Each structure stands twice: as C-alpha cells, then as structure tokens.
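Here the structure comes first, spelled out in structure tokens, and everything after it is commentary.
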Amino acid sequence: MNYLPTLLVAGVIAYFSLLRSMPVKLPDWDWQNADKLVHGFFYFVFALTLVSDLHRDNRQYIITYILSFFLPIIYGGVIEWLQQYYFAPRTGEWFDWLADIAGAITGCAVGYVYYDLCKTKRSSNT
C-alpha cells in the first residue's frame, strides 16, 4: 500500500489527540503554550510523509501540491472539532489548529524543496 506511512502517522495523531487523558506527560516547560510545538511537529511529519507518499506514487505535481497542502489542514480542523464536541474533557482550540496549520505548511515546504532538489540533481546527472 503506497500510503501506509501517511495512514500510520494520521492514526498516531488521531490516537493521541482523541484520548481522554494523555499517557505521556509533556516536560514542565515554563512556556504556557508548549503543546503547540507538539501540534506543529505532528503535522509537520504528517505533511512531509504525505508529500513523500504522493511523490512515490508519481502523482501529477499540482494534484500532489493541493492534496499535501490541504489534507493535513483539514485533518487538523476535524480533529479539533471532534475534541471540542465528542471527546470531553478534551477541547478544540483555535491556536492548536493554527499550530497544526503551521506545521503542515512547513512540512509541505520542506518536502517540496527536497523533491525539487532531487529532481534538479537527477536532471543534471543525465
């Protein structure tokens, strides 16, 4: 299955996001919104994995870009919505979703820079 890595990452995100209580405790950082780094990291990995899977599947460039950009953002919004309305005591937060979006955009950007560099290197070697 071409998209197994992406599905695994999405599953891990859903698992940790929809638990009623966290099985692991974040370090006691002095920064009040330290969990936003975790959100950003999860969605960075999600977008980067999706870009990788789509490129491996040889999708057309514009379709790949659109999917890898919007799918993690929509997924993050759905997770926040589910937390707010169905998984008390978890709450959906706008700033969590903004951290998800920032991570997804960064993951897409890193993925596309990497694949563009790889494509440029392959074409210069021929």
Side-chain angles (χ1 to χ4, degrees):
M1 177 178 232
N2 290 341
Y3 298 97
L4 185 60
T6 298
L7 292 173
L8 288 172
V9 171
V12 167
I13 289 171
Y15 175 77
F16 283 110
S17 297
L18 301 177
L19 285 175
R20 298 211 185 272
S21 63
M22 289 300 292
V24 292
K25 182 158 173 39
L26 288 176
D28 257 348
W29 291 323
D30 291 335
W31 184 35
Q32 179 183 6
N33 293 313
D35 71 307
K36 305 312 179 249
L37 292 175
V38 175
H39 281 266
F41 175 75
F42 271 168
Y43 283 84
F44 172 84
V45 171
F46 183 35
L48 192 59
T49 305
L50 182 59
V51 167
S52 175
D53 286 349
L54 288 167
H55 270 277
R56 193 172 346 156
D57 199 23
N58 292 321
R59 294 276 181 191
Q60 294 177 4
Y61 184 76
I62 191 70
I63 293 170
T64 302
Y65 179 76
I66 291 169
L67 281 174
S68 60
F69 183 77
F70 286 109
L71 189 62
I73 291 171
I74 292 167
Y75 189 73
V78 168
I79 292 287
E80 291 302 319
W81 181 80
L82 288 170
Q83 284 180 331
Q84 181 67 32
Y85 294 106
Y86 295 104
F87 290 91
R90 302 300 297 258
T91 59
E93 297 180 22
W94 285 105
F95 286 115
D96 285 351
W97 193 33
L98 289 175
D100 299 346
I101 292 169
I105 290 170
T106 306
C108 282
V110 168
Y112 278 99
V113 166
Y114 173 77
Y115 282 105
D116 283 345
L117 288 174
C118 287
K119 186 170 62 173
T120 304
K121 186 174 180 178
R122 275 192 302 249
S123 64
S124 67
N125 286 339
T126 58

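On a predicted model such as this, the values are computed, not experimentally measured, just so you know.
Residue Leu67 forms a side-chain contact (heavy atoms from CB on, under 4.5 Å) with just one option from Val51, Asp53, Leu54, and that option is Leu54.
Shown here for Arg90 and Leu18, the closest heavy-atom pair between the two residues is NH1-N, 4.5 Å. When all heavy atoms of Glu80 and Asp96 are compared, the closest pair comes out as OE2-CB, 3.4 Å.
Under the side chain to side chain contact (heavy atoms under 4.5 Å, CB included) criterion, Val78 pairs with Ile74, Leu82, sequence neighbours left out. Residues forming a side chain to side chain donor-acceptor pair (under 3.5 Å) with Thr49 (at least two apart in sequence, or on another chain): none. Every residue meeting the side chain to side chain donor-acceptor pair (under 3.5 Å) condition with Glu93, not counting sequence neighbours, appears here in chain and number order: Lys36. For Leu8, the side chain to side chain contact (heavy atoms under 4.5 Å, CB included) partners are Leu4, not counting sequence neighbours.
Proximity of a side-chain donor or acceptor of Gln83 to a complementary backbone N or O of Ala88 within less than 3.5 Å is not detected. Remark: side-chain polar atoms of Trp97 are paired, donor with acceptor, to backbone N or O of Ile73 under 3.5 angstrom.
In this structure, the separation between CD on Gln84 and OG1 on Thr91 is 6.0 Å, given to the nearest 0.5 Å. Between the CD1 atom of Ile105 and the CG atom of Asp100 there is a distance of 11.0 Å, given to the nearest 0.5 Å. Taking CG from Leu50 and OG1 from Thr6, the interatomic distance works out to 4.5 Å, rounded to the nearest 0.5 Å.
Applying the ring-ring contact (aromatic ring centres under 6.0 Å, His included) rule to pairs touching residues 33-52 yields Phe46-Tyr75, sequence neighbours excluded.
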With a cut-off of 3.5 Å and sequence neighbours excluded, list every side-chain donor-acceptor pair involving residues 107-117.
from   : atom 1 : to    : atom 2 : distance (Å)
Tyr112 : OH     : Thr64 : O      : 3.2
Tyr112 : OH     : Tyr65 : N      : 3.2
Tyr112 : OH     : Ser68 : OG     : 3.3
Tyr115 : OH     : Ser52 : OG     : 3.2

